[in-house]
Structure formats: C-alpha cells, structure tokens
Student: 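I have a structure I would like to understand better, so I am pasting it below and will then ask my questions one at a time.
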Amino acid sequence: MASGGGNNRNGTHRNSLKGTTTTSAASTDKPLSVNSNPSKPAFKNKSSPLTGASSGLRKSSPGSLGGGAAKDDAGVPGRVRVAVRLRPRNAEESVADADFADCVELQPELKRLKLRKNNWDTDTYEFDEVLTEFASQKRVYEVAAKPVVEGVLDGYNGTIMAYGQTGTGKTYTLGRLGEEDTANRGIMVRAMEDILAEVSPEIDSVLVSYLQLYMESLQDLLDPTNDNISIVEEPKSGDVSLPGATLVEIRDQQSFLELLRLGEAHRHAANTKLNTESSRSHALLMVHVKRTVKGREPAHSSDNGNSTSMARSLRPPLVRKGKLVVVDLAGSERIDKSGSDGHTREEAKSINLSLSALGKCINALAENSAHVPVRDSKLTRLLRDSFGGTARTSLVITVGPSPRHRGETASTIMFGQRAMKVENMLKLKEEFDYKSLARRLDIQLDKLIMEHERKQKAFEVEIERITAEAQNRISEAERNYADAVEKERLKYQKDYMESIKKLEEKWMMNQQNQGNERKEQMVHIAEEVAEVKKLLSKETSLRKAAEEEVDNLKSQLAQLKMSEALANSEILKLQKMVEDEVCQKEKLEGEISMLQSQLLHLSFEADETRKRLDRGGPGKVPGGLDSPVSQVRSQLKDSGNGEKASVAKLFEQVGLQKILSLLEAEDADVRIHAVKVVANLAAEETNQQKIVEAGGLKSLLMLLGSSEDETIHRVAAGAIANLAMNEKNQELIMSQGGISLLSTTASHAKDPQTLRMVAGAIANLCGNDKLQTKLRGEGGIKALLEIVKCGHPDVLAQVARGIANFAKCESRASTQGSKTGRSLLIEDGALPWIVQNANSDASPIRRHTELALCHLAQHEVNAKDMISEGALWELVRISQDCPREDIRTLAHRTLASSPDFIAGLKRLRIDY
C-alpha cells in the first residue's frame, strides 16, 4: 500500500489476518426509549494519561453519556452526547507560551468550559462532561464510552468518536494499548475487555473489522492488499455494510491486542510541526456482537395462555446483535501551522474536506434541514447511522491549552455544540436463532421417522388383509348395482318423455300472453316520453332566467369592488395622516426630554458653583469624562435651534473619540444624545470613513445588541443604514454580524420607524453583489419577510427596495454566468409577497416590486415558479400599464424572449 507523504505508524507491514464474513438472519428492529431530556449544551475537558482500572460493566454512573438503555417501544429519540477533554501543555508549549495563560478554563463541577477571547472577555460553553487534563483514561471511558458499550451488549448500535485538532490526544484517548502501563489503556481496549467479560464463547460471537479512510479510499488495515472497499447501502432500511472488509472472530483480549498492533502498523502517519506522529487517515474499528438472550421472551412476541408444551419447545432462542463503531478521526490542521508540503499537503486537504463534509451534515441535522448532504464524502456515508440514524453516539472532542491555537480550539468547541443538537432514533436488533432450533428438531425428526417405519410395516400387513376382504364385497356390489341401474334408466326415460310434452304445451300458452303485454308497455313508454319533454322545456326556461340573474349579480359585484377600492385608498390616506401626527408628537416629546435634561444639568452646575464660592474661590471644573458630557449636552442645546452647523461644531470641539466614548456611558440620556450625534454625522458622506476608522461602526453594532431602548435602536439602525451606503462599510457590517443584530432588533421592535430604519439598512446591504450568498445565509431575506408583518407603507417600501436590489444583483450575476439555479428569493419564499404587492397603491412599493419581478424573470430557471405563483399576470400588466418606460420595456422584452412565459400565455389564452 503506497503511503505517499505519510508513513506506516510502526514502519513495517505484518501478515494480514484472514477473516470470515457473516450473514445475518432476518432481524426485527425495535426503537429504544431513552430519557433524552436535552440538558444544557456540552462541556470540554483536557485529556491526560492517568491511571485507573476497569470497573464493572453494568454499573454506569448517572452522569454518564447516553444514560440507561430503556427497552420501550415508544421510539423516543436519543441525543448525541458530547464530552470535552483538555490535553496538558507539552514541552514545546511550556517554553513558547510560558508568559501566556491557557486559552481555556474548565469548570468540571458545573460541566462548563470558558474560552478566553482576550484578557478580560470569555465565552462560556456547556457540555455533557468536562474532563480536565488530570482525568484518567478510566474516567474518560466510564463517562464517555461505557454507556455505549452497554447498549451494544443489549442489542443496539453504538458509535464512539474523537474529534479535534491534530496533536490534541484523539488517538491517545481511543487507541492507546497500555502495554507499558495498563492504566493508560484507551477506549478500544477497555471496551473489548468489557464485551469479552459479558459474552459466552460457546453461544455468543464477537467479530472485528479494522479500516482506514485514506485520501477518500476505504482500506483494510488487516489486509493491506484490500485497498478499495466499496460501501453498500440497503435501499429500504438505509443500513451501511462493507461486504469486502475482513472480519476476524475475537476469543480473548490478547488476540484483539495483536489485531490492533497489526492495524496500527498499516495506518498512515507523518511528522508535522504540530505532531511528530500525526494520523493521516480516519481509522474505524467495527465490533459486531451477537448474544443469545436466556430466559426471556422476545420483545415482539406474545404467548397465548392455551399454547401447548410442544409449541414452547419449538420456539427458537432469541439473539441480539449490536455493532460498536469506534472512530479515530484524523486531526484538522492549518497547513501554514503544520508545515505540510508535497504529498502531506494533499493528505491534509483530503482530511479537511472530509471533516468539512461531516460538519455540514451535523449542521443540517441540528437545524432539521430537509436535505442532509450525506453523500458528499465517504466518511459521512460510513457515519450515516451515527448522526441522525439508529445508533447511540458519544463524541469526545479534544482541545489543547495553547493560546496560539485558539481559532482551532473555538472551531472544535462549536463542532461539539452543534453535534449536541443531533438526535438519533435508537433501535433494538433482535432475531431468532433458527440454527440451534433446527439441530434440536433434527434429533426429534429421527425418532419420529423410526416410529413411523415401525407403524408403517404393521399398517401394510393390515392393509393386505382388508384389501382381500374388500375385493369380495366389491364384486358382489357391482352385480347388484348393474341390475338397479337398468331399472332406474327405464323409469327415468318414461318420466322424461312426459315432461317434454307438458313443457311444449306451457310454452305455447306463454307466447300468447307475452304479445298482449308488449302492446301495453309501448303505450306506457310513449306517455312517459311526452312527460319528459314537457319537464325539459320547463327546465330550459328556468336556466335562462338563472343566467340573467347571475349576470346582474356580477355587475353588482364589480361595482362593490370599485367602491371598496376607493374606501381602502381613503383609509390609507387617513392612516398616513395619523402616523405623521404620531411622528410629530414623538419629535416634540424628544425635544421636551432634551430640555429637561439640560435644565437638570444647569441646576447641577449652579449647585457646584455655589459650593465652590462658599468654600472661598471660584475653583476649576475637573476634566475627564464629565467634560465631554457637558460639552455634548451644551452642543445639543445649541442643536435644538435646528442648524446643521452645530453638529459640525460639536464634532470639531469635542472630538470624535470622546463622542463615541459616550455611547457606553451609564446615563441613558447621554447614550441617546450621543447616538443621535453619531447618526447626524453619519448622514454626511465626508464623515463616514472617519466614524468607521474610529470604531464607530463597531460601537453602533454593540449598542444595537446590548441596549433595550427603542429610541437607541431606531437611531442606531438609521446610522448603520447611512454607513451601509458605502460598499467597503457593507463588508465590515457583514463581517461583524450586522445582519444577525439587525434581524434581532426587528423581531423585538414595535415602532414602525425603527423597522423602517432596520429595513433600510438591510436594503442597502442587498445591493452588494459580493455579499449575496452570505447575506442570505445569515437570514437577511427571511428578516425582510418577517418585517413585512408590520404593514406600514414606509416599512414595506424599504423591504421592497431591498428585494429589488437583491433581485437586480442576482440578475446581473446570472447574466455574467457566475450564478446558476433558482433565485435565492424564490427559495426563501419571497415570491408570493412580491406578486401580492406588485400592484400596490403605494407607488414606492409598486415601483420596487415591479422592478424585482422583471429582474427575476430575466433568468429562465425562475419562470416555472413565477407562473405557478401568478407572476405572469403581473408581468403582462407591467408591460402594458407601468408608468416607467424602462420597467415597461424590460417586462415586454422578458415576456417575448422566454419560451416558458410564451407557453404560459398561450395556455392561459392571454392575447399579448
């Protein structure tokens, strides 16, 4: 087997073991009821080689991953359990990071992990188990793996997996043999010890396969020549099998250890900057356990109280089959840190691609996505039963303490957090052991055959005697029967001739009677036809009258609709007037509040001045943070005159940094005034770059997420909308989570003006071609569709503008060939709203929605969805009635050039 850039872990190949393949009998699946209260998110722990002996298998602590295996048929799902393990500092880290604190802090008693972002800020995560660097191998096995092993012995599938950055102790946790110190035995060795302790060699069996996934090639570690094993999926059940893999029957622990040594010798490894013995492949140990259940009826059978002892003796023994999969994933790595090059670089790319595919599948399962990309990688196909399938899954994520690798540590933590959201449906694998039943029946059959042959011989003698006696009786009966038959024949012949004569006479009489009845029927039918004609004539006249009445009702309905349209228009005007009054009232209340604040401040300054005078001198006003507050309030008082120059003057006198610092002031009024000043400054294009460079954009986003004040939300969203008019600022807003913050603000906002500002900011971001996919992925389109529930015309106009900008960018990308497939707007369900508002009474809404429809129609792949949603009618209307000539021309050109639209026009009989 060519190793390329990697080396076999022990440097040499050993003789491959010849395994046996087994076929399973017809089995019955039962769902396992599991108490799957998804507790808090999982914790992370450090791993270390500490001592600990294996304890009894059937005693798992209440805190173990997975809990107890209930045998209920209810089918309650079981959540994936995640434990985090922290590796202690190695020699190189102890020297290089001696002046730096660990990037993680563990709280095992609370099952929490804190990830340091900087010296004063941390993120906290919760896991099912948190294992410190002092946790022993025994402790790790008992909390993370032992419940899964118990489930496998009870007939359930189980998966134990290790995930983390290269060099953080995955292989140490799973595959350590413990030859030098038995306390260092890994999960594989301890699991096999518990399995062999529970099975009976006479009636049970344990079969093992050991594989590696190297460069998307599934290879047999027990037979290196078998380096391209195919993956077969059962069409009905979806189960995954590997018909070409070697299966070795395990009888004792020593043979299992030899098998692991052989497999490790064939596994690919390489020396990198991060790990001197870095695994370059994913290793999978598959253990098939078959156990006979004694003294128990099968879970899916029911005994009849009247069943006989023979029926009980014919019942086959019950067998349970479980499969344990232990997965040692290759470590994720960054090439610039690991120093991989040449073939080792290609190996790293393959590892990262397969881990990325696994992460996508877990994300889809955690979000209950309709599509899970399980076929993107052989790794995800092999683990199909482990995530979202029928197996009980336990995941151990390993991290290191070095702050240099904080990014990889954070990625590993988020992988574990998402995995905790995945739920599996655990099923029991039971079947009957028909082979042992057949052996018992063969013995009984031999006894019955001998008894049958003895009785058969006696029976033949008796038959010969009875046959001779019967021959004599038959001869006599035949003679008597022939005489009787002749007499009966003569009698029946005579009776037959008499019956024929009587029937001929009766038939003649019936012919005469039928002639008279036929004439009477013809007369009756003629009368009925005449009556039907009269009824038909009457129904025709009634139908004409009904049609005239329907025409009258239709004309009345048309008049009512026109009246309703006029009334709706009048109502919208009145609503607009009321909203203008409300806005004016809010402005007046804001000015009153500002004047009150200024009055309080002047009173405070007067009191301070009086105290200084009483002490004997005018004194000097202290500087610091109070100085900019006073300056801001003083300038805001001047700004009440409505002059823009006051804001510019404030900007020059106080300074941008001091104004931005006031955004974090404890006084709510100061924060409100400061954000208003920043918003006014952001309205000027010359100030936008200065605000962004001074950290104003970041401060606005933080204020948007932390404050609960509606006024701050409205003004901050307006300032962000102004900054979002610049393309460079748009990318900064997206990179700092602006879409998520804007969406959250919209979901809690009640003021239409706040929603208008938020919608305006998102609409500006929709006009950036580079951010289309990211904006949609972070929920920007869905946020706009949630905002439309407000119903305010100004808000709807901003939403329509955003959708039009997004559709325009999509149309341009499709024309350039950089985008294929359906529009993201259609996939997110925006098309019905666009069609509904394309003929809105509000001209801004109508103009933007008409433009969005025209841009969507430019791409042929959207045509069928648009026709099904009724957009074809709106396109025809736009091409004829739209007041803007450019939109009208665009709609006309689209309808004339699209084969699907032309076919739709013909099908709907629309003259165009």
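Because the structure is a prediction, the values reported are computed rather than measured.
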Student: When you look at NZ of K323, are more than 12 heavy atoms from neighbouring residues, nucleotides or ligands closer to it than 6.0 Å?
Tutor: yes
Student: Sort out for me which residue in L285, V289, L260, L324 forms a side chain to side chain contact (heavy atoms under 4.5 Å, CB included) with V208.
Tutor: L285
Student: Would T246 and D223 count as having a side-chain donor-acceptor pair, cut-off 3.5 Å?
Tutor: no
Student: Among side-chain atoms of S354 and H282, is any donor-acceptor pair under 3.5 angstrom?
Tutor: yes
Student: Are any of the side-chain nitrogens in R392 or E150 under 4.0 Å away from the carboxylate oxygens of its partner?
Tutor: no
Student: For R418 and N363, which I'm curious about, is there any donor-acceptor pair between the side chains at under 3.5 Å?
Tutor: yes
Student: Taking 4.0 angstrom as the limit, do R89 and E133 come out as a salt bridge?
Tutor: no
Student: To check you understand the geometry: which heavy-atom pair defines the closest contact between A410 and L115, and what is its length?
Tutor: CB-CD2, 3.6 Å
Student: How far apart are the C-alpha atoms of R406 and R404, what are their side-chain angles, what is the distance that settles it, and do they pass the side chain to side chain contact (heavy atoms under 4.5 Å, CB included) test?
Tutor: CA-CA 6 Å; R406 185 193 173 281; R404 291 176 296 161; over 6 Å; no
Student: Provide the full list of side chain to side chain donor-acceptor pair (under 3.5 Å) pairs with a residue in residues 366-379, sequence neighbours left out, each pair given once.
Tutor: E216-S377, E233-R375
Student: With a 3.5 Å cut-off and no angle check, do the side chains of T159 and D385 form a donor-acceptor pair?
Tutor: no
Student: May I ask you to say whether R116 pairs ionically with E105, meaning some side-chain N is under 4.0 Å from a carboxylate O?
Tutor: yes
Student: Is it true that D220 and Y210 share a donor-acceptor pair across their side chains at a distance under 3.5 Å?
Tutor: no
Student: In plain terms, say whether E179 and R185 are close enough for a salt bridge, that is, a side-chain N and a carboxylate O under 4.0 Å apart.
Tutor: no
Student: Would you please name every residue forming a ring pair (Phe, Tyr, Trp, His ring centres under 6.0 Å) with F256, sequence neighbours left out?
Tutor: none
